Amino acid sequence: MEHNSSNFIRSIITEDLETGKRDNVYTRFPPEPNGYLHIGHAKSIVINFGLADDFNGKTNLRFDDTNPLKEDTEYVEAIKEDVEWLGYEWDGMFFASDYFEEMYNRAILLIKKGKAYVDDLSADEIRQYRGTLKEPGKESPYRNRSIEENIDLFERMRKGEFENGTKVLRAKIDMSSPNINLRDPVIYRVSHTTHHNTGDAWCIYPMYAFAHPLEDAIEGITHSLCTTEFEDQRPLYNWVIEECEMEHKPQQIEFGRLGITNTVMSKRKLKQLVDEKFVDGWDDPRMPTISGLRRKGYTPESIREFVKETGVSKGSGTVDEAMLEHFVREDLKLKAPRTMGILKPLKVVITNYPEDQVEMLDAEINPEVPEMGTRQIPFSREIYIEQEDFLEDPPKKYFRLFPGNEVRLKHAYFIKCEDVIKDADGNVIEIHCTYDPETKSGSGFTGRKVKGTIHWVDAKHALPAEFRLYEPLILDKLENEEDSTEQVSSEEKTFLDFVNDQSLEVLQGFVEPNMKEVAAHDKFQFFRHGYFNVDPKHSTNEKIVFNRIVSLKSSFKLK
Ligand code: ATP
Ligand code: MG
């Protein structure tokens with residue numbers, strides 16, 4: 001895989017190798033298994049695995065499972081599947097929880113050096129004592145406990161002698177540091193919670209800011225790449241590595257988060273959409289999750305190319321959803337077979353076509369890739385066309401079917417509208433046409449021209465199909481969504497107030513009979529309608545279900 005566009009992280013790595021600061025490149029992708037991966041994570045995956053690949057380095061998949069309340073093996077399995085599907089192979093797979101004993105020993109080392117202490121302040125009190133950006137913090141009355149007392153209390157925390165929230169272990173750094181992260185951060189808390197990996201072996205858990213640098217150092221990570229919200233934590237990251245006397249010293253480097261318009265991109269919010277049934281699971285095609293995009297029909301190639309195009313920089317960028325769509329269209333253009341499907345059927349009877357006759361017509365599978373060959377489509381006296389391809393009273397410049405007008409049926413004949421059949425309420429239910437046998441597609445007919453070409457399927461042979469069309473999940477008010485903010489506007493509104501209740505349209509239509517053998521995740525370009533994916537969950541032998549990946553046209557242009 002090629003990732004060799006230049007960026008500031010690549011420059012740092014190149015320099016590290018040239019100056020001999022490093023003799024290898026080892027990165028990691030460190031998700032917390034508290035939800036499914038989203039397209040933002042794909043950025044981190046591409047950067048971590050891609051950079052290591054380019055320098056013949058290694059990448060670990062590491063689950064940052066230090067918060068047992070929110071984590072689950074379901075998420076672990078889903079994350080593994082998504083990383084593999086994106087096309088990456090990890091060198092080692094580890095869990096932060098693999099290192100709990102080692103982390104505990106390093107905490108004891110800190111205590112012995114007088115660099116950590118057990119604090120009895122409540123969480124609220126700790127917050128009050130911490131101070132603000134303008135005011136220094138205040139030292140806890142427990143800050144100067146003796147080393148012996150601290151060791152005794154910390155050991156008893158581990159044994160389970162204390163209730164949740166009654167004691168924490170804090171690093172002893174500097175309560176008046178201008179960097180609030182250095183004002184004696186909590187590094188261990190009591191939580192009597194069963195852990196998905198370690199069960200009930202532990203009732204104290206390390207905090208992320210303490211655990212993460214240790215995990216990196218233990219694994220020999222050289223470049224620890226994370227998003228910019230961790231920039232202020234870098235001094236703490238380095239403090240932990242130094243004071244815990246880790247032999248290996250990784251370097252943290254931050255890059256900007258990826259955001260996409262008309263969606264939300266934090267696992268907490270995505271989980272809320274799932275739990276509150278706004279969507280049908282983490283892999284609902286409207287979700288910005290990797291599994292949702294996969295089910296919608298996105299390819300790994302298209303996601304990787306998209307992410308690379310967004311680049312690597314310090315600034316976080318929200319990009320238009322249309323850019324993501326552009327890349328899947330590009331990827332499928334030459335890969336997806338063409339076919340015809342009717343989403344909103346209207347019956348057409350070709351009155352001069354012999355009653356029991358069926359003929360097979362030849363149609364190219366992909367005109368841009370002649371090697372893909374041809375398919376056969378049956379044609380007979382009754383067909384379906386799109387409701388919107390007929391108008392009884394057409395406006396000017398409407399070149400499709402209307403009384404007296406002639407159009408071309410794609411891959412078939414010219415037909416002319418002779419009669420309109422309506423029900424008692426005046427709704428058009430059937431069109432009667434005649435066809436001209438001279439005008440067969442491919443016959444070289446040049447006698448006259450028509451302005452409109454419409455698609456169709458044979459009524460007797462067509463297969464029933466369901467089409468699911470998607471619109472953005474979140475209405476555009478959220479464009480500048482900041483994942484860290486609870487509220488998205490000054491009023492008491494949350495992102496849930498912006499969920500689009502018209503984001504899914506389900507249509508019952510028909511497809512060509514040669515689609516009988518399709519399998520989950522087969523992708524097609526339906527003439528005039530766009531690219532579709534066979535839904536892996538809802539398709540059955542009786543009815544194929546197609547998810548629309550993307551329509552054909554877009555105003556989006558790559559800069
Ligand atoms: P979320 O807020 O969505 O839960 P997170 O950062 O808490 O995201 P983690 O599981 O901790 O999720 O993330 C694993 C890695 O993916 C981290 O290194 C994180 O920086 C990176 N990452 C997460 N979201 C994005 C994003 N939108 N763009 C780029 N990288 C991201
Ligand atoms: Mg997180």
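Predicted, not measured: the structure shown is a model, and the values here were computed from it. Residue numbers run from 1 in the order of the sequence given. Both ligands and their constituent atoms are indexed starting at 1 by order of listing.
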Query raised in the report: For Asp216, which of Arg62, Lys249, His223 qualifies under side chain to side chain donor-acceptor pair (under 3.5 Å)?
Result: Arg62

Query - Candidates Thr263, Leu270, Leu37 - the one meeting side chain to side chain contact (heavy atoms under 4.5 Å, CB included) with Thr289 - result: Leu270

Query - Among Arg28, Glu254, Gln252, Glu219, side chain to side chain donor-acceptor pair (under 3.5 Å) partner for Ser224 - result: Arg28

Query - Pairwise distance CZ(Phe154) to NZ(Lys167) - rounded to 0.5 angstrom - result: 13.0 Å

Query raised in the report: Can you find an N or O of Gly40 that's nearer than 3.5 Å to an N or O of ligand 1?
Result: yes

**Report entry** Closest to atom 12 (O) of ligand 1 among His41, Glu32, Lys43 (heavy-atom distance)
**Finding:** His41

Query raised in the report: Atoms of ligand 1 less than 4.0 Å from Pro30 heavy atoms?
Result: 14 (C), 18 (O)

Query raised in the report: What atoms of ligand 1 come closer than 4.0 angstrom to any heavy atom of Met265?
Result: 3 (O)

Query - Aromatic contact, Tyr208 with Phe230 (centres under 6.0 Å) - result: yes

Query raised in the report: In terms of the angle between their ring planes, are His41 and Phe29 parallel, tilted or perpendicular, with boundaries placed at 30° and 60°?
Result: perpendicular

Requested in this report: Say whether Lys267, considering both its backbone and side-chain N or O atoms, lies within less than 3.5 Å of an N or O atom on ligand 1.
Outcome: yes

Query raised in the report: What atoms in ligand 1 come closer than 4.0 Å to a heavy atom of Pro31?
Result: 10 (O), 14 (C)

Query - 4.0 Å heavy-atom contact, His38 with ligand 1 - result: yes

Report task. Name the option, out of Arg257, Glu254, Arg62, that contains the heavy atom nearest to atom 6 (O) of ligand 1. Result -> Arg257

Report task. Ignoring angles and geometry beyond distance, decide whether Arg268 reaches within less than 3.5 Å of ligand 1 through its nitrogen or oxygen atoms. Result -> no

Query raised in the report: Is Asp184 reaching over with its side chain to a backbone N or O of Asp174, donor-acceptor style, under 3.5 angstrom?
Result: yes

Query raised in the report: Quick one: which of Arg106, Lys112, Lys113 gives a salt bridge (charged side-chain N to carboxylate O under 4.0 Å, His left out) with Glu245?
Result: Lys113

Query raised in the report: Thr227 heavy atoms, cut-off 4.0 Å: which ligand 1 atoms fall inside?
Result: 19 (C), 20 (O), 29 (C), 30 (N), 31 (C)

Query - Ser44: numbered ligand 1 atoms lying under 4.0 Å from its heavy atoms - result: 15 (C), 16 (O), 18 (O), 21 (C), 30 (N)

Query raised in the report: Below 3.5 angstrom, do we get any N/O pair linking Leu258 and ligand 1?
Result: yes

